[in-house]
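Here's the structure, in structure tokens; my notes come after.
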Number of protein chains: 2
Amino acid sequence: MILKSQVEWALHCCAILAGLPEGRYLSTKALAELHGLPKEYLSKALQSLSQASLVETTLGPSGGYRLAKTPSDINFLEIAEAVEGKARSFTCTNIRANNPCRPEGYCDSKPCAVARIMWEADEAWRDTLRRVRLSDLVSTLSEEVPADIWRSTFEWVLKRAG
Amino acid sequence: MILKSQVEWALHCCAILAGLPEGRYLSTKALAELHGLPKEYLSKALQSLSQASLVETTLGPSGGYRLAKTPSDINFLEIAEAVEGKARSFTCTNIRANNPCRPEGYCDSKPCAVARIMWEADEAWRDTLRRVRLSDLVSTLSEEVPADIWRSTFEWVLKRAG
DNA sequence: GGAATTAAGGACATATCATATCCGAAAACC
DNA sequence: GGTTTTCGGATATGATATGTCCTTAATTCC
Ligand code: FES
Ligand code: FES
């Protein structure tokens, strides 16, 4: 069970976009340079965010991405699901139905108890991510990242934001 | 993020082994037939359980698998990790280190805030599974599976248990 | 002792998915 | 009109999941 590294990319990109002044856009090129990522591939992750209506885009020079909602209205789960998909991590292939002792055509009334427990764990994972807002991340980062790096990073970003 | 279907297989096999009388073994062949699975491949999952010391084996005719501990001493997480590995679902590739604004040779004191949150969610998933014992599953199944199917299944199993 | 049966594990084949690159179209800016 | 950007499709590559086959060693039964 491995998450795509695109999740890490998307979360870090959103953290940067959250620090952008009202109305400004940041291009894929800048986000890729800032994080040392392949531009073309990072673009796919950003497209996923766009399809999930988490970010807005505009074309042309000075175009790029900005958040579609305020950072306190976006949580980690939305971002993770945008790039990773909403499918549950455990998929039940209903192997209990292969039991040779089951009568012909017998139909289960409930999902299997095994699957229900695995799905409950999945939901616990989702709940944790749902509870963390993008604004919480930005707060933490602004405390933990050394002030001079934090400042120079956003200078770097603003120089490139259209 | 998708779990191997071997997790489903292992959990269902453990549920069956939990119903085995003291000292009896059940072969891969029987477990594969009961669940409609490829014998050779299911064998890999059972080997993983064996390496994790969750089950014991014996060779020869009448050989096979039995639980190494009582069902109340085995939880879902142990079984899942035996098959799926203990690696965390989120891996941080430390893309923050690629920030061109960071001074040469700067070293982070803490893991990235993004990673910490993702790991927290991972831990919530693990906690949920850790809290469910194999004996809990057996209780639920014995209530939910129709009595006649439950009974005939274990007759079927006992006929093949060495 | 010999034949049959079993788990263990290595070698190999295949399918699916993550990762990555490239290109053309449409939109926005100059 | 030329440039820059997002978007989507096509394609290539590597890793992982899935599945099969075969050999070896241990155990049971005759
Ligand atoms: S049949 Fe799929 S989890 Fe039980
Ligand atoms: S650098 Fe890996 S999660 Fe932030």
Side-chain angles (χ1 to χ4, degrees), chain A residues 1-10 13 17 23-33 35-66 68 80 82-85 87 89-91 93 95 160-162, chain B residues 1-10 13 17 23-33 35-66 68 80 82-85 87 89-91 93 95 160-162:
Chain A
M1 181 183 66
I2 302 290
L3 289 171
K4 304 191 216 192
S5 51
Q6 288 202 356
V7 174
E8 182 183 8
W9 305 357
C13 286
L17 293 181
R24 309 281 294 275
Y25 291 87
L26 192 61
S27 71
T28 308
K29 180 154 171 276
L31 286 167
E33 263 183 57
H35 297 113
L37 301 173
K39 179 170 89 78
E40 308 287 347
Y41 192 29
L42 171 62
S43 166
K44 303 293 181 186
L46 297 171
Q47 282 175 38
S48 300
L49 294 177
S50 173
Q51 285 177 338
S53 300
L54 296 176
V55 298
E56 291 171 346
T57 69
T58 187
L59 295 181
S62 85
Y65 294 88
R66 73 177 175 198
V83 295
E84 188 69 30
S89 62
F90 180 87
T91 52
T93 60
I95 58 176
R160 287 159 181 81
Chain B
M1 180 182 68
I2 302 289
L3 289 170
K4 304 192 217 193
S5 52
Q6 288 203 359
V7 173
E8 182 183 8
W9 304 359
C13 286
L17 293 181
R24 309 282 293 275
Y25 292 87
L26 193 60
S27 71
T28 307
K29 180 152 171 278
L31 286 167
E33 263 184 59
H35 297 112
L37 302 172
K39 178 170 89 77
E40 309 287 348
Y41 192 30
L42 172 62
S43 166
K44 305 291 181 186
L46 296 171
Q47 283 174 39
S48 299
L49 293 177
S50 174
Q51 285 177 338
S53 301
L54 295 177
V55 299
E56 293 172 344
T57 69
T58 186
L59 294 181
S62 84
Y65 294 88
R66 73 177 175 199
V83 167
E84 189 68 30
S89 62
F90 180 88
T91 52
T93 59
I95 59 176
R160 286 156 180 85

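Numbered from 1 within each chain, the chains take letters A, B, ... in sequence-line order.
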Is a donor-acceptor contact shorter than 3.5 angstrom present between the side chain of B/Lys39 and the base of D/dG19? no
On DNA chain C, does the nearest nucleotide to B/Lys29 precede the nearest nucleotide to A/Thr58 from the 5' side, or the other way round? Give the residue. B/Lys29
Report the residue from A/Leu31, A/Val55, A/Leu37 that forms a side chain to side chain contact (heavy atoms under 4.5 Å, CB included) with A/Cys13. A/Leu31
So what does B/Ser43 touch, heavy atoms closer than 4.0 Å: a base, only the sugar-phosphate, or nothing? nothing
Within the pair A/Ser27 and D/dT4, is there a side-chain N or O less than 4.0 Å away from OP1 or OP2? no
Are any of B/Tyr65's side-chain N or O atoms less than 4.0 Å away from OP1 or OP2 of C/dA8? yes
Quick one: does A/Ile95's side chain get under 4.5 Å of B/Glu8's, heavy atoms only? yes
Take atom CG of A/Leu49 and atom P of D/dC7, then tell me their distance rounded to the nearest Å. 10 Å
Provide, to the nearest angstrom, the distance between the CD atom belonging to B/Glu84 and the C1' atom belonging to D/dT18. 13 Å
In this structure, how many angstroms lie between the P atom of D/dT5 and the CZ atom of A/Arg24, rounded? 15 Å
Would you say D/dC7 has OP1 or OP2 under 4.0 Å from some side-chain N or O of A/Gln51? no
dist A/Phe90:CZ -> B/Glu84:CD (nearest 0.5 Å) comes out at 10.5 Å
In this structure, CG of B/Leu49 is separated from CD of B/Gln6 (nearest 0.5 Å) by 9.0 Å
What is the separation between atom NZ on A/Lys44 and atom P on D/dC7, rounded to the nearest whole Å? 11 Å
Nearest-nucleotide comparison on DNA chain C, the residue closer to the 5′ end among A/Ser62 and A/Trp9: A/Trp9
If the cut-off is 4.0 Å, is A/Ser50 near the phosphate of D/dC7, judged by side-chain N/O to OP1 or OP2? yes
Please give, in whole Å, the distance from D/dT5 P to A/Leu46 CG? 14 Å
Consider the side chain of A/Pro38, meaning its heavy atoms from C-beta on, and name the nucleotide among C/dA20, D/dG9, C/dA8 that approaches it most closely. C/dA20
Which nucleotide in the set C/dA28, D/dG8, D/dT18 lies at the smallest distance from any side-chain heavy atom of B/Lys4? D/dT18
The nucleotide from D/dA10, C/dA27, C/dA8 with an atom nearest the side chain of A/Leu59 is C/dA27
Heavy atoms, side chains only, cut-off 4.5 Å: are A/Tyr65 and A/Thr28 in contact? yes
A/Arg160 (side chain) donor-acceptor with A/Ala30 (main chain) under 3.5 angstrom: no
For A/Gly162, which contact category applies under a 4.0 Å heavy-atom criterion: base, sugar-phosphate, or nothing? nothing
For D/dT6, does either OP1 or OP2 sit under 4.0 Å from a side-chain N or O belonging to A/Thr57? no
Nearest whole Å is fine: how far is D/dT16 P from A/Ile2 CD1? 8 Å
In terms of the nearest nucleotide of DNA chain D, which residue is placed more toward the 5' end: A/Glu40 or A/Pro61? A/Pro61
Without decimals, in angstroms, what is the distance between A/Gln6 CD and C/dA18 C1'? 8 Å
Starting from C1' on D/dA17, measure out to CG on B/Leu42 and report it in whole angstrom. 15 Å
Shortest side-chain distance from B/Tyr41, nucleotide among C/dA7, D/dT18, C/dA27: D/dT18
